[in-house]
Amino acid sequence: MRYLPLTPQDRTDMLAKIGVAAVDDLFANVPKSKLLKGPVNLPHAKGELEVERILGAMAAENISASEVPFFVGAGAYKHHVPASVDHLIQRSEFLTSYTPYQPEIAQGTLQYLFEFQTQVALLTGMEVANASMYDGSTGAAEAVLMAHRVTKRRKAILAGNLHPHYRDTIETLSRMASDEVVSLAPNPNDAGADLKAVAAAIDAETSCIVIQTPDVFGNLHDLTAIAKKAQDAGALLIAVVTEVVSLGAVTPPGAMGADIVVAEGQSIGVGLSFGGPYVGLFATKQKYVRQMPGRLCGETVDAEGRRGFVLTLSTREQHIRREKATSNICTNSGLMCLAFTIHMSLLGESGLRRLAAVNHANACDLADRLADVDGVTVLNKSFFNEFAIRVPGDAAKIVEKMAKNGVLAGVPAARLWPKHKALKDVILVANTEVNTDDDRAAFVAALGASI
Amino acid sequence: MSMNNQGRPTSAGETGTAAAHPTFTGNKALQIEEALIFEIGRPEVSGVDIPAPKKVKARIGKLARNEAIGLPGLTEPEVMRHYVRLSQKNYGIDTGLFPLGSCTMKHNARLNEKMARLPGFGDVHPLQPASTVQGALKLIDTLAHYLKELTGMPAVAMSPKAGAHGELCGMMAIKAALEAKGEGHRKIVLVPESAHGTNPATAALIGFEVRSVPANADGTVHVSDVKAALGPDVAAIMLTNPNTCGIFEKEIVEIAAAIHKAGAYFYCDGANFNAIVGKARPGDLGVDAMHINLHKTFSTPHGGGGPGSGPVVLSERLAAFVPYPFIRVGKGYALVEEGGKLDKGEQPFGRMSAFHGQMGMFVRALAYMLSHGADGMRLASEDAVLNANYIRASLADLMSLPFGNQPCMHEALFDDDWLKNTGVSTLDFAKAMIDEGYHPMTMYFPLVVHGAMLIEPTESESKASLDLFIAALRDLAFAAKRGDVDRFKGAPYHAPRRRLDETRAARTPILRWTPPEPFKEAAE
Ligand SMILES: Cc1ncc(COP(=O)(O)O)c(C=O)c1O
């Protein structure tokens, strides 16, 4: 077995040193009748080549995003990641290290976390950010719990245009924790109605309102007024961003008064990978920092007075506070933070702005082309790189037909809102820098042929 | 070009110490001081060339971001240097022995990295039509099959994103099952004092009350103590097995029976599964739910703190409550999401997160399992246990074992009794290990052992590597006993940084870079 260095002779010698006759003597605590006599019923060891064949065959059964004109978004986006990012995150010292509990030999990890936290704070327009959550959706659920701690209230109001997976994640955790959640109905046509409904629902028990921008249909929201309305009522505004590239072009939630910003960071540096691992960005105001979930990296000095970094404020965390911790999170998304921060360092301010501009322009171009297709309407007044279209017919069937014609067209809204009949003919369509004019022409042609 | 031999050969005869020759830069040859990206980068610079956008009528309106963001940009050569230098300040498994107890720092095979990056896995979107991702669904289903087979459990929830998230999923399933039976009043969760912090934190997160169960002098939980703590208000126990002291709970079958008899559920923390893969199956022991840290037992890289993946295997009693989404195999592979048709008895309790789990970790874990096979996984566990016991046996004469010199599982737990009156603490000892080229063991965990040192070598170490490690620890132990306190108190001396001031970091938290004052003025 290529991964196991002990030889049969080593094993014999080691057992002698330990003073037992056989390895099973070391398993003496396992009840005799429960100790397996031999290997379980699974195939035996395989060489690299055989493993590559087996997994390669499975991989080949999937259509990958780079193979076809690709417009699927709704919380995960196809972007181009520079080659150096994937190279660097595979450096042994990053890839095979643990959580930086021994800071003297983990300054590499700690420094990039400090840089990551700063980039996230700048991007979201907030004062502080943590060293990541699992992903955007779990970060959103944690943000709701944090708001409950800050406000000492236990009712969250979720905007109708929040990604349904985020809504369900928040609802599940809240229901289990016996907290109240009010989930509003989706408003694909009229973005303004979404915020109006939230505003109307705020009451004296409300701990927080959760609003996504760009929302799941792609609409952009000015959160300034609703932030004030919430805060006047003693509630917090939690802003959710599932497409961080938008922050290169759109006013960040921090500048509009958000108290907590939660984002999915996958778009920067992290591939699609069928849904994970991704990286949750979590930022807030300085005054709430001790109520934050997750790890924080802070600057300090070493015994010789040199700048260095450590994990800090850990009295919030499970390993110190146990049942009184702000969260149970331990392992987070370390390596995805690294991918994010490397890609963001490469982009820089000018690169991010340009990337965002290209995304937006490409989406506008597709929207304009679609406006000319008979029976198809673009529902958005505003958007960044994703919008919703209404099609004549069953959206899921049309998307399936388009897939057969070699175009992955987007997400039928019915997949996310199976019970909303009014959304049966809606498709969410994303368009990033990877899409070419030819891709958009192929989209229009395939759509035309499928309706 | 041939080498000019002027000044050569050098001789090894020069004298002097490193400390007597500080460098101008602060660099130490291959150890190079590295500034922050904010000190290196410039806002107008970019390491990515992007063609100009098309000219279109923008749809962002008055929400356009006009103010400077403040992000630095670096060119590719600058980025390469920055991160390579940072990497050189880190210790990884590929650097050396990483005996971090409870964390299973085993070898991370590069084949697994390669497989996870196949476009058919790494470049597929979670919301593509199911017809276009049949292979991806098959991979998840295959991994699920392996996990069920290895644990002897009938069901598995694949979506949890790490161990603690798996705990949450398992405890939610238990809560849902209790509520379905009309027993939602059961609010107490029993947690041994030796448990990992995530156990009580998880229970509390969803409204359970934590009741402690004492650990005994032999390091295990006794069924009599569990029975004494059980009652009609108890929902579950969260027990780690093998436990955090590195011992297999020998009364586990009786404990499981007692829990079930009292109408409660048995949650097992599976962080230490690496000791028993292919040797014993939690399903045979009476476990109802157990998370598996794929980033421990099945070798997906820890990546400096994540990502992980924490599938939860479930017993017959909990199988109905697997959360959305889950895979159903029929004509092909279907993903059952909210609103999907449920089979009789299926009662998903909700959703743990967006999408379907940590696919990248699934591919790596399955590559590990296929590579090792049933035989190799069993052997790996035996070797992990053998290696830990070899360390225990080789250090038992010098260092103290809190529960006597009995066999351990895949990790050997020492306490600091042997350091009494030496002036050296567990922390000092750990820091001196750094100077010797080792990552320290887990220290001060579990909490039930004073000055705990939890050593987990894993199966990835050769005997020669263990012998060297043991020799280094013995030398340190002798030094401590001899009173060579300086070797410990100031350690590490040779790491990229000396000890860091954590008190200062917590008292005046600096959690992000801010421009130095003169900069700020210039910008205003
Ligand atoms: C015993 C034990 N339980 C639970 C966990 C939590 O797992 P994770 O870090 O994957 O959330 C850990 C890992 O650190 C552990 O050692």
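Sequence lines set the chain letters: A, B, ... in the order given, protein chains first and strands last, and positions in each chain run from 1.
Heavy atoms closer than 4.5 Å to chain A are found in both the backbone and the side chain of B:L74. Both the backbone and the side chain of B:K138 have a heavy atom closer than 4.5 Å to some heavy atom of chain A. For B:M172, the parts lying near chain A are the backbone and the side chain together; criterion is any non-hydrogen pair under 4.5 Å. Looking at B:L118, the atoms closer than 4.5 Å to chain A (heavy atoms on both sides) all sit in the side chain, from C-beta outward. Residue B:V48 touches chain A through both its backbone and its side chain, counting heavy-atom pairs closer than 4.5 Å. Using a 4.5 Å cut-off between heavy atoms, B:V133 touches chain A through backbone and side chain atoms alike. Only the side chain of B:V210 comes within contact range of chain A, with at least one heavy atom under 4.5 Å from a heavy atom of that chain. Heavy atoms of B:N389 lying under 4.5 Å from chain A belong to its backbone as well as its side chain. For B:A506, the parts sitting under 4.5 Å from any heavy atom of chain A are the backbone and the side chain alike. For B:P496, the parts sitting under 4.5 Å from any heavy atom of chain A are the backbone and the side chain alike. Residue B:S465: no heavy atom, backbone or side chain, is found under 4.5 Å from chain A. Neither the backbone nor the side chain of B:E167 comes within less than 4.5 Å of any heavy atom in chain A. With a 4.5 Å cut-off on non-hydrogen atoms, B:R378 touches chain A through its side chain but not through its backbone.
No salt bridge links A:E104 with B:R499; every basic N to acidic carboxylate O contact stays at or beyond 4.0 Å. In summary, A:R91 and B:D94 do not engage in a salt bridge, as defined by a charged side-chain N under 4.0 Å from a carboxylate O. Using a 4.0 Å cut-off between charged nitrogen and carboxylate oxygen, A:R11 and B:D383 count as a salt-bridge pair.
Side chain to side chain, A:S345 and B:Y83 meet the donor-acceptor criterion of an N or O pair below 3.5 Å. Judged by distance alone, the side chains of A:Q102 and B:K431 do bring a donor and an acceptor atom under 3.5 Å apart. There is a side-chain donor-acceptor pair under 3.5 Å between A:E400 and B:S131. Using a 3.5 Å distance cut-off with no hydrogens or angles, the side chains of B:D123 and A:S66 do pair a donor with an acceptor. Side-chain atoms of A:N328 and B:T198 include no donor-acceptor pair closer than 3.5 Å. In the model, B:R351 has a side-chain atom that pairs as donor or acceptor with a side-chain atom of A:H165 under 3.5 Å.
In this structure, the separation between CZ on B:R59 and SG on A:C364 is 4.0 Å, given to the nearest 0.5 Å.
Checked against a 6.0 Å centroid threshold, the rings of B:H125 and A:F274 do not count as neighbours.
For the pair A:T118 (side chain) and B:W513 (backbone), a donor-acceptor distance under 3.5 Å is present. Side-chain atoms of B:D501 never come within 3.5 Å of backbone atoms of A:T300 as a donor-acceptor pair (strictly under, hydrogens ignored). In this structure a side-chain-to-backbone donor-acceptor pair under 3.5 Å is present from A:S137 to B:A354. The main-chain N or O of B:I50 is found under 3.5 Å from a side-chain atom of A:R354 such that the two form a donor-acceptor pair. B:S46 places a side-chain N or O within donor-acceptor distance of the main-chain N or O of A:L346, the cut-off being under 3.5 Å. The backbone N or O of B:L71 sits less than 3.5 Å from a side-chain atom of A:E349, completing a donor-acceptor pair.
Residues A:P418 and B:E338 share a closest heavy-atom pair of CG-O, 3.1 Å. Between B:V124 and A:S64, the shortest heavy-atom contact is CG1-CA, 3.9 Å.
With respect to chain A, the highest number of heavy-atom pairs below 4.5 Å among B:M80, B:M361, B:E76, B:H165 belongs to B:H165.
In this structure, B:H82 and A:E115 have side chains that are in contact, with non-hydrogen atoms separated by less than 4.5 Å.
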After noting the C-alpha distance and the side-chain angles of B:F445 and A:H319, does the key distance pass the ring pair (Phe, Tyr, Trp, His ring centres under 6.0 Å) rule? CA-CA 9 Å; B:F445 174 80; A:H319 61 283; 9.7 Å; no
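The cationic group of A:K17 does not satisfy the cation-pi geometry with B:Y390, failing either the under 6.0 Å distance to the six-membered ring centre or the 45° limit from the ring axis.
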